[in-house]
Amino acid sequence: MIPSQPDRRGYFGSYGGRYVPDTVFPALDELDRAYRAARRDPAFRRELGDLLRATVGRPTPLTRVLRFPAGTGKAGARPSGGTVRRRRGESRMYLKREDLCHTGAHKINNTVGQVLLARRMGKRRVIAETGAGQHGVATATACALFGLKCTVYMGSDDVKRQAMNVYRMRLLGAEVVPVESGTRTLKDAINEAMRDWVTRVRDTYYCIGSAVGPHPYPLMVRDFQSVIGLEAKRQILKEEGRLPDLLVACVGGGSNAMGLFHPFLDTDVAMVGVEAGGRGPQPGRHGATLCHGRPGILHGALSYLLQDAKGQVLPTHSVSAGLDYPGVGPEHACLKDSGRVRYTSVPDDAALEAFHRMSELEGILPALESSHALAYALRACRRSPGRVLIVNLSGRGDKDLDIAGGRI
Ligand SMILES: *Cc1c(COP(=O)(O)O)cnc(C)c1O
């Protein structure tokens, strides 16, 4: 039996919990109470639903792609003609189009939900931490919508590397605070955000960007992202008259994957989470936490973690910034151990190949994160044809053109 709700202390099986200083507990308790009340409140649910429709652009389409999974050629060797004839035993691949959300990825589903909750809790100020800047932009967007003050912590090296997203956040009215300590990246930004939250908890809401962190964040973020799977279920039943055989999603912290998977957990649909295989399985060359990590504590929760023999967090690498993270959400750790979801990895070069193939054959530029899921799905179609599958297209690739475009 797979627990679909964490226990009272916030554990999914053996993973999750709250590994934070004592001073943070009252803030997490307050958040837990507020979130439980909000999700029971029809007025909150109605307002969130309205926002998702009118502002985020939901429901996002479920798009059948014909050319991407067809044939065996690489991108460039197109199936001839504009149409692809249906052959018996061919795979039927659908994309859940989170790339068409406002701001171009699924992250906005979560930030709109959390910022609505922040307003309900009477908080006037929202803080966030961000690595590549995508979650910072999504948080700043939601705050602009509600007129809440937004402060985003970002490692100072990341501030330099991600100048465009820093500019976006500032345009949206957010304050971006460069963090100069430690390695000047995400880990240090997280510490700084936590410190801010403890000192100003009365008027401050801490918005976490994936299904990670101390309880109740993994539960709450998964719930806000579950709109993806709920829509996909309804849409595939309409298209195919049955549930799919397979769901595929990329896994960084794990929020887009949990969002797609969760509404299908009590069915017999197979699910695969795809991590960043980077440049290879050696330590420091990938971001495949569930494939190569072991249990440890990061970001306030117990989950799988990329760490060395002494428990030091290892550096990570991925061509996609959103998968370049040494931790993973605790619910995924539980789903891995139970065997309900299978986790694998796809290397940088295969993800880039899928990026080009999807662009050329379907006219859709996928995010490099999502391209990992696409690369796996393509392989799955070739290995066992004749199945119906849904791939979560978590975001659009415009943000990745400097990386992906440079290889043409
Ligand atoms: C941030 C991001 C991811 C990874 O985050 P998850 O929490 O694992 O979903 C994946 N795809 C895109 C487009 C992203 O921006």
Side-chain angles (χ1 to χ4, degrees), residues 60 95-111 113-114 128-139 141 158 162 164-165 168 186 207-213 217-218 220-229 247-262 271-276 287-290 299 301 303-304 316 318-333 335 341 343 345-346 351 354-355 358 364-376 391-401 403-404:
T60 58
L95 307 179
K96 183 58 177 158
R97 300 293 303 279
E98 296 303 294
D99 61 317
L100 298 179
C101 289
H102 179 43
T103 68
H106 69 290
K107 284 190 171 75
I108 191 85
N109 301 324
N110 169 49
T111 57
Q114 286 198 54
E129 93 292 299
T130 194
Q134 296 301 115
H135 172 58
V137 170
T139 305
T141 303
D158 288 337
Q162 305 288 345
M164 202 55 101
N165 277 337
R168 273 196 192 103
L186 179 62
C207 183
I208 291 185
S210 188
V212 300
Y217 284 101
M220 187 167 66
V221 175
R222 174 258 271 171
D223 284 351
F224 285 136
Q225 293 292 1
S226 289
V227 67
I228 300 173
L247 303 176
V248 185
C250 65
V251 177
S255 68
N256 86 89
M258 271 326 306
L260 177 65
F261 295 169
H262 189 258
M271 302 176 194
V272 176
V274 184
E275 298 190 309
T289 308
L290 289 161
H299 214 152
S303 184
Y304 276 67
T316 52
S318 172
V319 69
S320 63
L323 304 187
D324 199 349
Y325 176 65
V328 68
E331 193 167 7
H332 283 292
L335 291 168
V341 179
Y343 294 89
S345 68
V346 156
F355 171 91
M358 183 56 69
I364 295 170
L365 270 59
L368 286 177
E369 291 85 358
S370 325
S371 299
H372 287 72
L374 292 170
Y376 174 83
V391 186
N392 204 13
L393 199 73
S394 54
R396 65 178 181 225
D398 302 52
K399 68 182 177 58
D400 298 320
L401 292 189
I403 298 164

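We count residues from 1, following the sequence as given. Counting starts at 1 for both ligands and their atoms, in listed order.
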- Message: Checking Asn165 against Gln134 for the side chain to side chain donor-acceptor pair (under 3.5 Å) test, could you report, in this order, the C-alpha distance in whole Å, the side-chain angles of both residues, the deciding distance, and whether it holds?
- Response: CA-CA 7 Å; Asn165 277 337; Gln134 296 301 115; 2.9 Å; yes
- What is the nearest protein non-hydrogen atom to atom 11 (N) of ligand 1, stated with its residue, atom name and distance?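 Answer, as residue, atom name and distance: Ser394 OG, 2.7 Å.
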- Quick one: nearest non-hydrogen protein atom to atom 4 (C) of ligand 1, plus distance?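 For atom 4 (C) of ligand 1, the nearest protein heavy atom is Gly322 O, 3.4 Å.
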- Test side chain to side chain donor-acceptor pair (under 3.5 Å) on Gln225 and Asn110 and set out the steps. CA-CA 6 Å; Gln225 293 292 1; Asn110 169 49; 5.5 Å; no
Can you name the closest pair of heavy atoms from [X] and [Y] and give their distance?
X      : Y      : result
Gly329 : Ser303 : O-OG, 3.5 Å
Gly252 : Tyr325 : O-CD2, 4.2 Å
Asn392 : Ala249 : CB-CB, 4.0 Å

- Task: Measure the shortest side-chain to side-chain distance between Met220 and Gln114 over non-hydrogen atoms and say whether it is less than 4.5 angstrom.
- Result: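 Side chain of Met220 against side chain of Gln114, heavy atoms only: contact under 4.5 Å found.
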- Query: Is there side-chain contact between Asp99 and Leu365, with heavy atoms separated by less than 4.5 Å?
  - Reply: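 No. Closest side-chain heavy atoms not under 4.5 Å.
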- Query: If you measure from atom 2 (C) of ligand 1 to every heavy atom of Gln134, Glu98, Lys107, which option wins on shortest distance?
  - Reply: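 Nearest option to atom 2 (C) of ligand 1, by heavy atoms: Lys107.
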- Message: Judged on heavy-atom distance to atom 7 (O) of ligand 1, which of Cys101, Ser210, Gly104, Ser371 sits nearest?
- Response: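 Closest candidate by heavy-atom distance is Ser210.
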- Query: Looking only at distance, does Gly395 have an N or O less than 3.5 Å from an N or O of ligand 1?
  - Reply: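 So ligand 1 has no N or O lying under 3.5 Å from an N or O of Gly395.
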- Query: Should Cys250 be counted as touching ligand 1, given the test is an N or O pair under 3.5 Å?
  - Reply: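 No; the residue has no nitrogen or oxygen that sits under 3.5 Å from a nitrogen or oxygen of the ligand.
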Which atoms of ligand 1 are found less than 4.0 Å from any heavy atom of [X]?
X      : answer
Ser255 : 6 (P), 7 (O), 8 (O), 9 (O)
Gly252 : 8 (O)
Ala367 : 13 (C)
Asn256 : 6 (P), 8 (O), 9 (O), 10 (C)

- Task: Measure from the side-chain N and O atoms of Glu275 to the backbone N and O of Thr289, and report whether any donor-acceptor pair falls under 3.5 Å.
- Result: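 Judged by distance alone, yes, a pair lies under 3.5 Å.
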- Message: If we only consider heavy atoms of His106, is any one of them less than 4.0 Å away from an atom in ligand 1?
- Response: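 Right, His106 reaches ligand 1.
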- Item | ligand 1 contacted by Gly254 (non-hydrogen, < 4.0 Å) |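 Within the 4.0 Å threshold, so yes.
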- Query: For ligand 1, does His135 get within less than 4.0 Å through its side chain, its backbone, both, or neither, judged by non-hydrogen atoms?
  - Reply: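 No part of His135 comes within reach of ligand 1.
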- Message: What's the separation between atom CG in Leu393 and atom NE2 in His106, rounded to the nearest 0.5 Å?
- Response: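 With rounding to 0.5 Å, CG (Leu393) is 11.5 Å from NE2 (His106).
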